Structures are given as structure tokens and as C-alpha cells.
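The next block holds one structure in the form of C-alpha cells; read it before the comments.
Counting starts at 1 for both ligands and their atoms, in listed order. Bear in mind the structure is a predicted one, so any value in this text is a computation, not a measurement. Residues: numbered from 1 along the sequence shown.
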Amino acid sequence: MLIHSITELIGHTPLLDLPIAVPHHSHIYAKLEMFNPGGSIKDRLGQYLIQDGIKRGLITDHTTIIEPTAGNTGIGLALATQRHHLPTILVVPAKFSYEKQTLMRALGATIVNTPASRGIKGAIAKARELAAQLPDSFVPMQFENPANPATYYHTLAPELIADLDATIDAFVAGAGSGGTFAGIAKYLQEQNPHTQTVVVEPAGSILNGGPAHAHRTEGIGVEFIPPFFQDLTIDRTLTIPDTAAFAQVRAMAQQHGLFIGSSSGAALAASLQVAQELPAHSHIVTVFPDSSERYMSEHIYDDPTSQNSESEASSL
Ligand code: PMP
């Protein structure tokens with residue numbers, strides 16, 4: 001395969017029929033988004049947001065792009081802005097992984113950290129403040145820009161329909177900005193109104209009405225209801241504790257040679273729960289947004305219940 005830009009590799013990722021024991025002989029299919037060139041599903045978003053901003057006349061040759069991000073969107077945006085030679089400032093709460101922030105810098109973006117305690121809301125406020133000070137700047141604002149769900153509606157969702165020669169009984173995906181879930185759920189429901197849609201959050205996120213608190217699962221979890229959920233039919237919200245998500249992260253590597261991040265682990269734990277409740281031989285589709293490799297500094301494979309856990313070993 002001859003290509004002329006790394007960005008040609010964005011999208012058209014594989015859909016894996018997971019070789020695991022699924023309740024009631026059902027199948028779980030996972031879209032392997034870590035195979036995008038920037039390592040996550042957010043390469044699609046970065047490309048779409050920049051193309052959309054240019055098309056709408058909001059981005060010129062000299063515009064500075066400013067965006068609040070948990071990291072993967074920053075990497076996707078930096079890949080896209082590098083191609084267009086646009087200066088880029090990414091506002092990232094300090095809690096997000098060292099690897100993601102290092103990759104954003106490597107691509108040429110400037111990182112501004114906001115206090116971890118102020119969460120993504122703190123990063124959003126800081127991005128707006130910077131944009132107000134900087135003439136000819138543009139904040140794509142993934143948390144409210146309709147181009148966010150549109151990215152997945154127009155790219156990933158049709159790929160699922162093309163890849164899978166079966167009726168999709170349930171679609172299960174995590175929510176951070178909610179763009180992935182909203183865009184794909186809308187498309188799939190238009191194709192088949194019987195497809196159940198299940199949104200996944202970590203314990204500590206507010207969708208199910210539980211109290212907000214910190215969680216280890218990275219990339220999903222919301223501090224406010226995503227505006228993209230307004231006109232959407234959401235059949236269920238599943239809240240997955242960190243322990244259940246990380247157990248799936250370890251199992252996928254140990255048994256199936258697949259490196260998945262913790263939001264993928266949560267999506268898999270939720271998909272297994274959905275399979276338990278659906279009729280036999282159901283087809284469940286989920287999304288694995290990124291790989292474990294960008295969470296090594298956070299000891300992603302460390303089992304806190306194990307005697308040989310890395311953090312215990314390193315503290316000896
Ligand atoms: N998983 C990971 C690893 C992510 O970085 C993100 C984006 N924050 C998501 C899931 C959730 O995607 P979305 O923002 O589209 O809800």
C-alpha cells in the first residue's frame with residue numbers, strides 16, 4: 001500500500017469479532033480505533049473539525065487553533081493542523097496521561113495545563129479565555145460543535161454497516177464529549193429503529209445520577225450532560241466501575257494479544273452485561289477508542305489486588 005500522507009490512514013479501521021466467550025452465544029464486535037495513525041478514534045474528529053472549520057470560513061491560513069481536550073482529541077487535532085501549518089494550543093487538565101501530552105508536543109502543539117481539580121470545565125474556561133485574548137483564533141469546541149457527532153455519523157457508523165453482514169441488535173459505547181456515541185447511535189437507529197443504544201460511563205460520572213468523583217478510567221465520564229444527547233434515544237446507561245474496566249484491559253492482552261485502553265475495557269465490560277440480557281445469538285457492536293500503550297506511566301496493567309502489582313513492587 002503506497003500512501004503520500006499519514007493522514008490517509010485515518011478511518012477504515014478493522015472490526016474484530018471478539019474471540020471471547022460471550023453469554024448466550026452472542027457476538028461482540030469491536031471497532032479497533034487504535035489503528036488510526038495518531039493511535040485513537042479522535043484522529044477522525046481532528047480531521048473533520050479542521051476541514052469543517054475551513055469549509056465554513058472560520059479557519060484561514062493564519063488562524064491559531066485552541067481546544068480543551070483530555071488528550072486524544074488533541075493528538076487528532078495536532079495531526080490535522082500540522083498538515084495545514086496552523087499554530088495549535090491544547091488546553092489539558094493536568095491529570096491526563098504523560099504519553100498523550102508528550103505526543104501532542106511532538107506533533108508541534110503547545111500545551112497549556114489546567115488544574116486537575118477543575119476538570120474538563122476548567123480546561124474549557126481557559127480555552128475560551130485564551131481565544132478572547134488572541135486575534136484570529138478558533139476554538140472548535142468538541143463539547144458543543146455539531147461537527148463532533150457528525151464526524152462519526154459520516155465515517156465510523158457507515159463503516160460498521162458495510163463491515164457487518166448482520167443485524168445490529170445493540171450498540172454500546174462510552175461517552176466523554178458524547179460525540180462518538182451520539183453520531184453512531186443516530187445513524188444506526190436510522191438504519192434500524194430496533195437497534196438498542198447503550199451509553200457507558202465510569203463510576204464517578206454523572207449520567208446515571210450518581211455522585212461525581214475521580215476515576216481511573218480515562219477518556220470517558222462526563223461532568224455535564226452532553227448537548228448531543230438532547231434529541232437522541234438512549235435505551236440504557238451502564239455505569240462501569242474502574243475495577244471491571246481494568247480487568248478487561250488485562251484479559252484482552254493476556255488472552256487475545258490486544259492492547260486496549262481503559263475506556264475500551266469499560267465498553268467491553270458493558271457489552272458483556274448487555275449480552276447477558278439480550279436473546280441468544282445477538283450481535284452487539286462496540287468501539288475500542290485507543291490502546292493501552294499511552295497509559296504505561298499510569299501502570300494500566302497493574303492489578304491492585306495482586307501481590308505482584310507494579311506499584312507495590314516499585315515502592316519496595
Ligand atoms: N475513549 C477515549 C480513550 C477517549 O479519549 C475519548 C474522548 N475523550 C472517548 C473514549 C470518548 O469519546 P467521545 O468524546 O466521543 O465521547
Inset, instruction - Please go through Leu2's hydrophobic cluster and name the other residues, only I, L, V, M, F, W, Y counting, with side-chain heavy atoms under 4.5 Å joining them. - result: none

Legend entry - Donor on one side chain, acceptor on other, Tyr295 and Lys100, under 3.5 Å: yes

Inset, instruction - Answer yes if the side chains of Glu190 and Tyr153 hold a donor-acceptor pair under 3.5 Å, and no otherwise. - result: yes

Legend entry - Modelled atom types, side-chain donor and acceptor of Glu99 and Ser297, under 3.5 Å: yes

Inset, instruction - Keeping the roles fixed (side chain from Glu8, backbone from Ser5), state whether a donor-acceptor pair exists under 3.5 Å. - result: yes

Inset, instruction - Please determine, by modelled atom types, if His27 and Asp17 share a side-chain donor-acceptor pair under 3.5 angstrom. - result: yes

Legend entry - Close residues, ligand 1: non-hydrogen atom nearer than 4.0 Å: Lys42, Asn72, Ala175, Gly176, Ser177, Gly178, Gly179, Thr180, Glu218, Gly219, Ile220, Ser263, Pro289, Asp290, Tyr295

